[in-house]
Amino acid sequence: MRTLHWFRNDLRLQDNPGLALACEQGEVLPVFIFDTDEPAESVPGAASRAWLDRSLRALSSSLGGGLLVLKGSAEGLLPDLCHRYSIDAVTWNRSYEPFAIARDTRIKQSLKADGLTVTSSNGALLYEPWESVKKDGTPYRVFTPFYKHCRANLATRAPINLKTKRLRLVPLEGPSNVDALHLTPSVPWDETMLSDWAPGEAGALARLEAFLASGIGSYRLGRDYPAQQSVSRLSPHLHFGEISPHLILARLADAPIDDNLEHFVKELVWREFAHHLLYHFPELPSKNLQEKFDWFPWVEDPVRLKAWQSGQTGYPIVDAGMRELWQTGSMHNRVRMIVASFLVKNLTQHWHHGLQWFWDCLVDADLASNSASWQWCAGSGADAAPYFRIFNPITQGQRFDPDGTYTKRFLPELEALPKQYLFDPWNAPHDVLSASGIVLGKDYPAPIVDVKSSREHALQAFAEMKRRAML
DNA sequence: TAGCTCGTTGGACAA
DNA sequence: TTTGTCCAACGAGCT
């Protein structure tokens, strides 16, 4: 029997239920298709494409070059492949994005009509989105009850060990090369961006072990400090399915049960919650979950948006974060909240702008997590933050980067500035600035908004939204 | 059912 | 310097 395993966001061999099933049934034809039918909201951004390129090369290599890589309409290509390679069955692991659900349903029907056996499995989530609903059958909208429900009532499975020796691959008709996808940019900025990452299954497993060895022990408190190495940095690996959450959970079983561990598990469940929200509210990437936010008086200001994107706002902790994003394809979680709050509240710009920029720049860009997180920051989402919770970029910097190590790493022009002025350089006396070799507005921007008055403006905008929504 | 509690990540200000 | 309190009000979720 010959089974085609359609790789999507499950670019790994271990704990891959679809692949394991295919392997049990006989010969396997492993296929990856860069689907050109995807809508704009799902097409990977530039940073993600660069990661995908490396990840596919790693997967192809671990399959001895036996991965068939194609670009085109998955819906059109799959029936043709099945015919050409005399395929009897097709397996894949489920994707929960609205487009993928609709596409996969159509493909399943069509292949079944052709007499093939089609099986989809859960390779990406600890809990199926339709399992985690309230007693009345409606989806959870608040994280904490969702978390308690999942942990108390839903079982997770053990990882599936693939005996790679038993993997028998169908010989390809011709050469297949990741190069054909043209996923990397013509100017090779991706090489420096990815220099600190190791895309692929081996890199993901190594990252998990490194985190268990040196990060998780101080996770609960350390995760708030961007200069520390206390976060897992597993998100891009999870997004591309280079590692499964089940495998992570199983590996955590060996670690001592304490606050740090429970906090990390909570973060894994936040990922589940984002997928749960996207599944139940497919318009999450574009529409305010709370309708009253349709009345919010957003400001369109391309100049300030550009300053935010390029890390030139004049607020060092914001600029450090935005430059980290540009340079590394990632940003520390604490700083993500600070820059998001700055865009949405201090600049009162629509969260769509932030979502779009993150989508293009992040190597871990994920439709569910990105959409749910931006809506959370904007206050328009489920379980929203109160509107008056506006991060102050000065005090956040002082509190969470007290030595300025993180900020100075990405703003070398402020290297000589004493840390007492690092987060509000415009308040530094002239002689301190000149001794530090800084002319504000030349070496480093003057602040593009006043944090106090822009906070007042944001609060007024929320009041205005409520007034309009009431009418 | 009706009532109660709580909501991932904060800021400002007073004491 | 640290700690406590208020900032609104509403709806989700639970008992």
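Reminder, nothing fancy here: chain letters follow the sequence lines and each chain counts from 1.
- Under 4.0 angstrom from either OP1 or OP2 of B:dT9 there lies no side-chain N or O belonging to A:Gln396.
- Summarising the base pairing, B:dG11 is matched to C:dC6 through a Watson-Crick or G-U wobble pair whose two defining distances lie under 3.5 Å.
- Of the side-chain N and O atoms in A:Arg389, one or more sit less than 4.0 angstrom from OP1 or OP2 of B:dT9.
- A ring-centre distance under 6.0 Å is not found for A:Phe342 and A:Trp308.
- Regarding A:His263, its NE2 atom lies at a distance of 9 Å from the C1' atom of B:dT9, rounded to whole Å.
- For an aromatic pair to be called close, the ring centres must be under 6.0 Å apart, and A:Tyr147 with A:His149 fails this.
- Residue A:Glu456 is classed as having no contact, given no heavy-atom separation below 4.0 Å to the nucleic acid.
- B:dC6 and C:dT5 have their P atoms separated by 16 Å, given to the nearest Å.
- A straight line from CD1 of A:Ile317 to P of B:dG11 spans 12 Å, rounded to a whole angstrom.
- Among the protein residues, A:Ser341 comes within range of no part of the nucleic acid, since none of its heavy atoms lies under 4.0 Å from any strand.
- The OH atom of A:Tyr147 sits 18 Å away from the P atom of B:dC6 (whole-angstrom rounding).
- At the heavy-atom level, A:Arg399 lies under 4.0 Å from the strands shown only through sugar-phosphate atoms.
- Rounded to a whole Å, the CZ atom of A:Phe143 is 23 Å from the P atom of C:dG11.
- Ring to ring, A:Phe211 and A:Tyr219 are close: their centroids are under 6.0 angstrom apart.
- Considering only the side chain of A:Lys134, C:dG13 comes nearest among C:dG13, B:dG10, B:dC13.
- Protein atom NZ of A:Lys148 is 9 Å distant from nucleotide atom C1' of C:dC14, rounded to whole Å.
- Comparing atom distances between the A:Tyr140 side chain and each of B:dC13, B:dT9, C:dG13 picks out C:dG13 as nearest.
- For A:Arg334, counting side-chain heavy atoms from C-beta on, the closest listed nucleotide (B:dG10, B:dG11, C:dC14) is B:dG10.
- Comparing C:dA12, C:dA9, B:dT9 against the side chain of A:Val142 picks out C:dA12 as the nearest.
- Of all nucleotides listed (B:dG7, B:dG10, B:dC13), B:dG7 comes nearest to the side chain of A:Thr144.
- Rounded to whole angstrom, the span from the CZ atom of A:Phe273 across to the P atom of B:dT9 amounts to 13 Å.
- In this structure, A:Trp51 has its ring center under 6.0 Å from that of A:His237.
- Considering only side-chain atoms of A:Pro145, the nucleotide from B:dT9, C:dG13, B:dC13 that sits closest is C:dG13.
- With rounding to the nearest 0.5 angstrom, the CD1 atom of A:Ile33 is 12.5 Å from the CZ atom of A:Phe7.
- Between B:dT9 and A:Asn333, no contact under 4.0 Å exists linking OP1 or OP2 to a side-chain N or O.
- Across the protein-nucleic acid pair, A:His149 atom NE2 and C:dG13 atom P stand 11 Å apart, rounded to whole Å.
- To the nearest whole angstrom, the two P atoms, one in B:dG10 and one in C:dG11, are 24 Å apart.
- Atom P of nucleotide B:dA12 and atom CZ of A:Phe391 are separated by 13 Å, given to the nearest angstrom.
- Taking the side chain as every heavy atom from C-beta outward, A:Ser244 and A:Asn16 never approach each other to under 4.5 Å.
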